[in-house]
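Letters A, B, ... are given to chains in the order of the sequence lines, protein chains preceding strands, and every chain is numbered from 1.
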2 protein chains.
Amino acid sequence: MIQPRPRTIPEATVARLAVYLRVLTSLADGGRTTVSSGELASAAGVNPAGLRKDLSHLGSCGVRGVGYDVRALRERIARVLGAERSRACVLVGIGNLGAALADYAGFGSRGFHFVGLFDASPARVGQSIGGLTVQSMAELEATVTATDASIGVIATPADVAQQVCDRLTGAGVRSILNFAPVTLVAPAGVDVRPVDLSVELQVLAFLGQQRAVPAEEVTA
Amino acid sequence: MIQPRPRTIPEATVARLAVYLRVLTSLADGGRTTVSSGELASAAGVNPAGLRKDLSHLGSCGVRGVGYDVRALRERIARVLGAERSRACVLVGIGNLGAALADYAGFGSRGFHFVGLFDASPARVGQSIGGLTVQSMAELEATVTATDASIGVIATPADVAQQVCDRLTGAGVRSILNFAPVTLVAPAGVDVRPVDLSVELQVLAFLGQQRAVPAEEVTA
DNA sequence: AACTGTGAACTTCTTCACAGCC
DNA sequence: GGCTGTGAAGAAGTTCACAGTT
């Protein structure tokens, strides 16, 4: 049992590894067997040197003068990211966004599957989405326990997100992806990752206006 | 016309300013008139010193010993982010995710409004979502031109995202938010911001497993 | 000849510590 | 006393350049 690498991969690298995994899967499906860092970087939208540095964190398996074996590299990244075994997730809040997430094929192919969908509205409960039936909120804890789900996705309105977070963590969920536009507090040992679609749009718009008006006055 | 500040705000700061804006609006709605950096930072999930540094980029308007005026600070951030005037966006791909985005109230309250929804499926065209009627793809360029939309949101399947991107940029769109799991290439002067929901989940899951198994072997 | 792997320089971001002001 | 604004220190991430390998 040797320790092959100092087991710390920078978070920025992890995010890009997920992108490389997607690109490599696409390349493999297209029949490609080898790929160079330049091609892969271009397809992933990153710098080639940065890509090689990213891969070096997992004790890289490229061949100098040739490139990377597509399938071997994909397997290696999938193993590091833990995308080999599919992980159980529960989703709370089956509004428009929640329904979209429940039905999103991308999760299934990337190592995640939903084992429970929950909504507070009686009108939603009983509906079938993506092969699952929406359950009432009363069943949340029991389902989390029974399925041993470790990941929770919150797509509820902002005003109930914190109490949903409390119930999820209370039931044993250790990681939460939060789409509600509110900052959640969770016990130590629980990761909360916020995804705010409005923030993405605002950053995009700001960069655009900064480019368009490089030296404009802001004082009224 | 003096130049009050070197007009370069770090991108990381811009993203947080959008969060502060959200929190300040919530505070103002709750009747709060002043707030300290500590409180605001806690509500936004960031470090207080970092928040003050962020605000210093816009020639801060806090009062030492007291804090920040909630309404004044909100106005100031909104002006810098350009969130005062509402910007026209078009949305292409009205599947589950697209429909969710079209109906998402969060955009309207943050300085964005959709002026066009487009889908390739005849079954979708003519449907009404969030006050707009879904148009056919043939009408894309004409609508972008007529409305002078500068922001495009792509929520199509991956295999058509690039050609949608080409058409949007060809019609004059300068900023693109891309939800399709594919890397887009766009002409110089056009910003593309990818949002990959699977990547977010994968990063979250990795951090969780890294915490759970700090020194596990990866070699098979 | 081609391409990987990586130390080193560089840039960006974060955190600290404290002076300055109310 | 309490809180802001900011220079300085530190950490993290990115890019470069080139040695090393096939």
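- When the side-chain contact (heavy atoms from CB on, under 4.5 Å) test is applied to A:Ala72, the partners found at least two apart in sequence or on another chain are A:Asp69.
- Every pair passing salt bridge (charged side-chain N to carboxylate O under 4.0 Å, His left out) that includes a residue from residues 40-65 of chain B is listed here, sequence neighbours excluded: B:Arg16-B:Asp54.
- A:Thr25 places a side-chain N or O within donor-acceptor distance of the main-chain N or O of A:Leu21, the cut-off being under 3.5 Å.
- Listed by first then second residue, pairs satisfying salt bridge (charged side-chain N to carboxylate O under 4.0 Å, His left out) with a partner in residues 180-198 of chain B read A:Arg22-B:Asp196, A:Arg110-B:Asp196, A:Glu200-B:Arg193, A:Arg211-B:Asp191, B:Glu11-B:Arg193, not counting sequence neighbours.
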Between the protein and nucleotides 17-22 of chain C, are there any N/O to N/O pairs under 3.5 Å, and if so, what are the atom names and distances?
residue: C:dG20; atom: N3; partner: B:Arg64; partner atom: NH1; Å: 3.2
residue: C:dC22; atom: O4'; partner: B:Arg64; partner atom: O; Å: 3.3

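- Residue pairs meeting the salt bridge (charged side-chain N to carboxylate O under 4.0 Å, His left out) criterion with at least one partner in residues 154-163 of chain A, sequence neighbours excluded, do not occur; the list is empty.
- Remark: B:Thr147 engages B:Val115, B:Thr143, B:Ala149 in a side-chain contact (heavy atoms from CB on, under 4.5 Å) (not counting sequence neighbours).
- Applying the salt bridge (charged side-chain N to carboxylate O under 4.0 Å, His left out) test to pairs two or more places apart or on separate chains, those with a residue in residues 28-42 of chain A are A:Arg32-A:Glu39.
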Atom pairs under 3.5 Å: protein N/O with N/O of nucleotides 10-14 of chain C:
residue: C:dT14; atom: OP1; partner: B:Arg16; partner atom: NH1; Å: 3.0
residue: C:dT14; atom: OP2; partner: B:Arg16; partner atom: NH1; Å: 2.9
residue: C:dT14; atom: OP2; partner: B:Arg16; partner atom: NH2; Å: 2.8

Let me have the donor-acceptor pairs involving side chains of residues 161-169 of chain A, under 3.5 Å, with sequence neighbours excluded, atom names and distances please.
residue: A:Gln162; atom: OE1; partner: A:Val185; partner atom: N; Å: 3.0
residue: A:Gln162; atom: NE2; partner: A:Asp166; partner atom: OD1; Å: 2.9
residue: A:Gln162; atom: NE2; partner: A:Val185; partner atom: O; Å: 2.9
residue: A:Arg167; atom: NE; partner: A:Glu141; partner atom: OE2; Å: 2.8
residue: A:Arg167; atom: NH2; partner: A:Met137; partner atom: O; Å: 2.7
residue: A:Arg167; atom: NH2; partner: A:Glu141; partner atom: OE1; Å: 2.9
residue: A:Thr169; atom: OG1; partner: A:Cys165; partner atom: O; Å: 3.0
residue: A:Thr169; atom: OG1; partner: A:Asp166; partner atom: O; Å: 3.0

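- The side-chain contact (heavy atoms from CB on, under 4.5 Å) test applied to A:Ala43 returns A:Val23, not counting sequence neighbours.
- Within residues 29-43 of chain B, the residues that have a heavy atom under 4.0 Å from DNA chain D are, in order of number, B:Ser36, B:Ser37.
- Applying the side-chain hydrogen bond (donor to acceptor under 3.5 Å, both in side chains) test to residues at least two apart or on different chains, the pairs with a partner in residues 91-108 of chain B are A:Asn96-B:Asp103, A:Asp103-B:Asn96.
- Considering only side-chain N and O atoms, A:Tyr68 lies nowhere under 4.0 angstrom from the phosphate OP1 or OP2 of C:dA2.
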